[in-house]
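None of the values given here were measured: they were computed from a predicted structure. Along the sequence shown, the residues carry numbers beginning at 1.
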Amino acid sequence: MASNYTNLSKLLSDNPHSLRLRELIIDARKPEFELTLAKGAIEKVKHIFKSLNKPQKTAILKILMCKDYVLMKGYPGTGKTSTIVALVRILHQLGLSILLTSYTHSAVDNILLKLKKLDLKFLRLGRESRIHPDILPYSESTLTKNIKTVGDLAEFYTTKQIVATTCLGTNHVLFTKRRFDICIIDEASQVLQPTCFGPLSCAAKFVLVGDPKQLPPVVQSTEARDLGMDESLFMRLDNTGATYELNLQYRMNSSIMRLSNELVYEGALKCGSRDVAEARLQLSNMENVRAELSGMMPAWLECALSPQPVLFLDTDNISATESYDAQGLVKNDLEADIVCQLAKCFLRGGLSPQELGIIAPYRNQVKVLHTRLGGSGEVEVNTVDQYQGRDKSVIIISFVRSNSKDDSSSKGRGGTEILCDWRRLNVAVTRAKHKLLFVGSVSTLKKYQPLQKLIQILNPEEICQITSVPDR
Ligand SMILES: Nc1ncnc2c1ncn2[C@@H]1O[C@H](COP(=O)(O)OP(=O)(O)OP(=O)(O)O)[C@@H](O)[C@H]1O
């Protein structure tokens with residue numbers, strides 16, 4: 001919290017840079033752009049542009065031409081990381097200094113691992129315990145090990161062309177000494193506005209990379225949320241004419257992508273190639289599993305194991321009612337049984353455990369599933385929040401809620417109920433590459449607007465009734 005106050009005081013400081021930032025952020029002044037690029041600039045970096053698609057190229061060109069800022073809106077799987085890597089290479093080649101930041105340590109290091117492979121040199125600030133082991137050779141303590149004098153240290157801090165840290169890491173002494181040509185904030189739609197002001201105050205212009213249709217900043221206090229604390233800077237600046245969209249995605253096949261398009265993106269999301277659009281789950285041993293189970297396999301399981309990419313398994317016919325543990329936390333044991341049976345079949349069919357992901361909106365259900373799957377090795381079970389920015393070949397989502405309470409009681413839980421959050425649902429449905437399975441009670445889930453919409457947009461063959469309880 002203290003660094004957020006410090007950042008706010010920086011924004012309110014009496015200097016030309018803070019004044020310009022206030023004009024852009026508080027007064028919502030339109031950002032300015034150069035009309036052309038400097039001669040020769042494109043020639044120098046043409047080879048880096050080659051691997052990018054058209055929206056990615058446009059976004060980078062606009063960044064090179066901007067005088068103030070650009071927002072790069074990256075829908076799920078559209079190559080945000082690849083585009084940031086290309087951008088950093090281009091800026092580096094053009095001799096500009098770059099401050100690279102993100103909300104989490106893992107996102108910073110994800111980009112740095114790719115820059116390392118390309119042989120780019122950088123300084124990674126931050127606690128060593130939070131830095132990826134392969135990035136440690138670029139940490140401050142490693143790189144300053146042989147520096148003996150204050151003068152040499154000052155020179156070291158002022159000459160590193162690429163410096164990377166989290167948004168909260170910009171309270172380092174280095175930032176009192178220098179201003180970067182450009183600062184990039186990845187995962188910007190998850191960062192609190194005052195936290196963003198830290199990196200912004202250290203650079204002449206900035207690039208925010210994010211997607212306001214995915215998770216917003218985490219704000220625990222309902223009062224603060226109601227007062228607008230969860231509005232990210234990305235969201236605030238999204239309508240000023242500086243947003244460039246990356247809409248070609250390389251993750252989901254077309255059936256999975258359609259859900260997100262109909263839920264939130266209004267058809268803007270497109271498959272990057274035919275191969276991506278048509279990709280299906282192909283498992284080497286699935287035919288054998290089907291043969292072994294033939295005659296014993298209920299219709300819903302047969303349907304779930306078929307190559308069909310999207311399926312909602314409805315539990316209404318088996319009364320898989322939600323329950324509560326001693327602390328009053330919600331779980332659903334029967335849904336957990338169904339998820340485990342599905343997981344076991346996919347693993348026996350030849351799916352690698354690393355390519356199977358299980359999502360539950362409630363932590364208690366995550367715990368139950370973890371315990372049940374204990375024997376299955378590395379299958380990751382997590383909440384939606386933990387899955388942002390990640391993908392798996394197959395995703396199974398257990399929605400948990402199943403009750404006979406009337407409509408008004410679930411509305412009573414109102415906007416704070418996790419299942420009412422469109423952005424969380426959007427993140428959940430955009431993690432699977434080849435197959436996406438939902439498990440839940442249609443009659444209960446219809447009481448939550450985003451899920452009502454999801455159920456409504458599914459094709460009839462994408463909904464299947466579970467008619468028999470799986471063995472434990
Ligand atoms: N122009 C491109 N042409 C072909 N493939 C691409 C292109 N850009 C990105 N990709 C591929 O798309 C996949 C996703 O890229 P990347 O990890 O950069 O996406 P992202 O937007 O950061 O993902 P997330 O939504 O998880 O944050 C990668 O496999 C990457 O190689």
Side-chain angles (χ1 to χ4, degrees), residues 2-4 6-8 10-11 17 21 24-25 59-60 63 66 68-74 80-92 96-116 120-128 130-132 135 138-140 157 160-212 214-218 232-237 388-389:
S3 50
N4 282 335
T6 310
N7 291 345
L8 267 177
K10 283 182 194 162
L11 182 72
H17 183 63
L21 279 179
L24 294 167
I25 294 167
I60 291 188
I63 292 165
C66 80
D68 300 301
Y69 68 85
V70 160
L71 306 192
M72 191 155 85
K73 192 182 277 187
K80 290 184 282 291
T81 312
S82 318
T83 313
I84 294 173
V85 168
L87 173 65
V88 172
R89 288 176 71 196
I90 288 169
L91 296 168
H92 178 263
L96 300 169
S97 58
I98 307 138
L99 170 58
L100 177 63
T101 65
S102 191
Y103 173 57
T104 56
H105 286 277
S106 57
V108 174
D109 289 345
N110 194 16
I111 300 169
L112 294 180
L113 287 165
K114 296 194 157 103
L115 292 176
K116 181 185 170 191
L120 253 73
K121 303 281 178 278
F122 48 83
L123 163 64
R124 166 67 156 102
L125 296 175
R127 258 187 296 151
E128 300 227 314
R130 308 302 303 273
I131 298 177
H132 190 287
I135 298 299
Y138 302 85
S139 73
E140 185 181 13
Y157 282 149
K160 281 280 159 208
Q161 199 183 339
I162 305 173
V163 176
T165 185
T166 58
C167 293
L168 285 170
T170 52
N171 51 11
H172 188 279
V173 63
L174 176 149
F175 299 102
T176 58
K177 301 274 179 235
R178 68 184 287 199
R179 163 133 330 140
F180 291 80
D181 292 315
I182 189 160
C183 127
I184 301 167
I185 306 185
D186 187 18
E187 301 182 315
S189 39
Q190 286 183 271
V191 184
L192 290 172
Q193 288 193 43
T195 309
C196 273
F197 302 153
L200 261 49
S201 63
C202 307
K205 53 187 190 176
F206 61 92
V207 178
L208 304 183
V209 184
D211 177 8
Q214 296 185 58
L215 296 180
V218 178
S232 64
L233 187 61
F234 195 111
M235 213 193 247
R236 186 180 179 87
L237 300 179
Q388 168 130 329

Looking only at heavy atoms, the pair that brings A203 and C183 closest together is CB-CB, 3.4 Å
Between the CE atom in M235 and the CG atom in L208, the distance rounded to the nearest 0.5 Å is 13.0 Å
- Item | Criterion side chain to side chain contact (heavy atoms under 4.5 Å, CB included) on F234 and I185, from CA distance to verdict | CA-CA 10 Å; F234 195 111; I185 306 185; over 6 Å; no
Output yes when a side-chain donor or acceptor of D109 lies under 3.5 Å from a complementary backbone atom of I131, and no otherwise. no
T195 versus Y103: any side-chain heavy-atom pair under 4.5 Å? no
Looking at Q161 and L96, would you say the former's side chain and the latter's main chain have a donor-acceptor pair under 3.5 Å?
yes
**Evaluation steps, side chain to side chain contact (heavy atoms under 4.5 Å, CB included), between V108 and T101** = CA-CA 6 Å; V108 174; T101 65; 5.8 Å; no
On a heavy-atom basis, the closest approach of K10 and S201 is CD-OG, 3.4 Å
Quiz item: Under a 4.5 Å cut-off applied to non-hydrogen side-chain atoms, are L123 and L174 in contact?
Solution: yes
Close side-chain approach of T165 to T170, heavy-atom, < 4.5 Å:
yes
CD (Q193) and CG (L8) are apart, to the nearest 0.5 Å, by 9.5 Å
Taking every heavy atom of S97 against every heavy atom of R179, the minimum-distance pair comes out as OG-O, 4.3 Å
**Q.** Evaluation steps, side chain to side chain contact (heavy atoms under 4.5 Å, CB included), between I63 and I182
**A.** CA-CA 10 Å; I63 292 165; I182 189 160; 3.7 Å; yes
Heavy-atom closest pair (P199 atom, C167 atom, distance to 0.1 Å) is CD-O, 3.8 Å
message = When you compare the side chain of L233 with that of Y69, does any pair of heavy atoms fall below 4.5 Å?
response = no
Between the CG atom in L87 and the OG atom in S82, the distance rounded to the nearest 0.5 Å is 12.5 Å
* Can you find a heavy atom in the side chain of R124 that is under 4.5 Å from one in the side chain of H105? -> yes
K80 side-chain N/O to V209 backbone N/O, donor-acceptor pair under 3.5 Å: no
inquiry  = I'd like to check T104 versus T166 (side-chain heavy atoms, cut-off strictly below 4.5 Å). Are they in contact?
reply    = no
- How about I25 and F197: do any of their side-chain heavy atoms sit closer than 4.5 Å? yes
dist I98:CD1 -> I162:CD1 (nearest 0.5 Å) comes out at 4.5 Å
Taking atom CZ of R130 as the centre, report whether more than 12 heavy atoms of other residues, nucleotides or ligands fall under 6.0 Å from it. no
> So, is the end of the R178 side chain (NZ or CZ) under 6.0 Å from the ring centre of F180 and within 45° of the ring's axis?
Replying inline: yes
When rounded to the nearest 0.5 Å, the distance separating CG of N171 from SG of C202 is 9.5 Å
Rounded to the nearest 0.5 Å, the CD1 atom of I184 sits from the CZ atom of F206 at a distance of 13.0 Å
Side-chain H-bond candidate by donor/acceptor type, Q190 with Q388, under 3.5 Å = yes
Partner of L100 under side chain to side chain contact (heavy atoms under 4.5 Å, CB included), picked from V163, L112, D186, is L112
For I60 and A86 the tightest heavy-atom approach is CD1-CB, 4.0 Å
Note, L200 side chain near L21 side chain (heavy atom, < 4.5 Å)
yes
